[in-house]
2 protein chains.
Amino acid sequence: MNDDELDRVFKALGDPTRRRIIDRLRERPKQSLFEICALSFADDGAPLSRQAVTQHLDMLQKAGLVRVEWSGRTKLHTLDPGPLREAFGLWLRNHL
Amino acid sequence: MNDDELDRVFKALGDPTRRRIIDRLRERPKQSLFEICALSFADDGAPLSRQAVTQHLDMLQKAGLVRVEWSGRTKLHTLDPGPLREAFGLWLRNHL
DNA sequence: TTGACATGCAATGATTTCATTGCATATTGA
DNA sequence: TCAATATGCAATGAAATCATTGCATGTCAA
């Protein structure tokens, strides 16, 4: 894992909506975009647009934290905790 | 530590220049702005302006990761790993 | 085969980030 | 005192982030 990948992981964690998405996907894998949308809310409790959630999921995917699989017309998202472990092992661990 | 503080910590870690500053301050505390400037470089190896480093240090300070103390005309910066430990304990630990 | 469903793609816009330059202020030492 | 030193403050600007809306595409099921 290089500096850029480390950037993407930590930046992905630097937003409360994305952390909540991670939390949800950890509880249950293979969730569709609509399922994630249904329980994603902005800071004030207002629901987020579908496209906003899509953009967050794209960032999580680029950081390697979310894996995608298609089932018909449904896109299923699953958490991959690997990059979290890597980022912890490679950098954060030295600073605790 | 609330969601906003968690944001600030992870966002602070999401930039390679800031991670290098943290690395340097961990090796030796109480470094002045100029000392940190002298060994801070952008991705391509070009030196950063003093003001750029100041802005990074401000972010680190707002995240609680850097403490400041004055000695005459010199501002001394020291790493505080507390928020890293908190962020790890409160959120990241559950995902490893 | 049509209509409802799940998602993709594109454009827009406000805000934040990252870095710069120029000038101002305060402290130290000769 | 005066010059060099160490930093602060303000303005600027390119790029990324976060969220929106509108329209298009592909898939399933009645």
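Lettering of chains follows the sequences in order, A, B, ..., and the numbering in each one begins at 1.
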Where the side chain of A:Lys75 is defined as all heavy atoms beyond and including C-beta, which of D:dT7, C:dG8, D:dT20 is the nearest nucleotide?
-> C:dG8
Report yes if a side-chain nitrogen or oxygen of B:Ser32 is closer than 4.0 Å to either non-bridging phosphate oxygen (OP1 or OP2) of D:dA6; otherwise report no.
-> no
Scan residues 6-27 of chain A against DNA chain C and write down, sorted by residue number, each residue with any heavy atom closer than 4.0 Å; if none is found, say none.
-> none
Whole angstrom value for the distance that separates C1' of D:dC9 from CG of B:Asp58 = 11 Å
Could you tell me the separation between the NE2 atom of B:His77 and the C1' atom of D:dG8, rounded to a whole number of Å?
-> 12 Å
Among the clusters formed by ILVMFWY side chains lying less than 4.5 Å apart, do A:Leu90 and B:Ile22 turn up in the same one?
-> yes
Applying the salt bridge (Lys or Arg N to Asp or Glu O under 4.0 Å) test to A:Glu35, which of A:Arg28, A:Arg24, A:Arg50 qualifies?
-> A:Arg28
Between D:dG8 (C1') and B:Trp70 (CH2): distance, integer Å | 8 Å
In one Ile/Leu/Val/Met/Phe/Trp/Tyr side-chain cluster, 4.5 Å: A:Met59, B:Val9 = no
Pair listing, side chain to side chain donor-acceptor pair (under 3.5 Å) test, anchored in residues 86-96 of chain A, at least two apart | A:Trp91-B:Asp23, A:His95-B:Asp23
So, are B:Arg19 and A:Asp3 salt-bridged, with charged N and O less than 4.0 Å apart?
-> yes
Report the distance from atom NE2 of B:His56 to atom C1' of C:dT16, rounded to the nearest whole Å.
-> 14 Å
Nearest-neighbour nucleotide for the B:Thr54 side chain, C:dT20, D:dG8, D:dA19 considered = D:dG8
Once you round to the nearest 0.5 Å, how far does CG of A:Leu84 lie from CG of B:Leu96?
-> 6.5 Å
With the sugar-phosphate defined as primed atoms, P, OP1 and OP2, and the base as all remaining atoms, what B/S/- string results for nucleotides 22-30 of chain C, 5' to 3', for protein heavy atoms under 4.0 Å?
-> -----BB--
Out of C:dT20, C:dT7, D:dT7, which nucleotide sits closest to the side chain of B:Gln55?
-> C:dT20
Starting from P on D:dG8, measure out to CZ on B:Phe34 and report it in whole angstrom.
-> 10 Å
Would you indicate what B:Thr74 reaches in the nucleic acid, counting non-hydrogen atoms under 4.0 angstrom: base, sugar-phosphate, or nothing?
-> sugar-phosphate
How many Å lie between CD on A:Glu69 and C1' on C:dA6, as a whole number?
-> 16 Å
Measure from the side-chain N and O atoms of A:Arg67 to the backbone N and O of A:Thr78, and report whether any donor-acceptor pair falls under 3.5 Å.
-> no
Hey, is the main chain of A:Ala52 close enough, under 3.5 Å, to the side chain of A:Ser49 for a donor-acceptor pair?
-> yes
Atom CG of B:Leu57 and atom P of C:dT17 are separated, to the nearest Å, by 16 Å
Interatomic distance where CG belongs to A:Asp44 and C1' belongs to D:dC18 [whole Å] = 13 Å
Give the nucleotide from the list C:dG8, D:dA19, C:dT20 with an atom nearest to the side chain of A:Leu48.
-> D:dA19
Would a hydrophobic clustering, with Ile, Leu, Val, Met, Phe, Trp and Tyr connected at side-chain separations under 4.5 Å, put A:Leu65 with A:Leu33?
-> yes
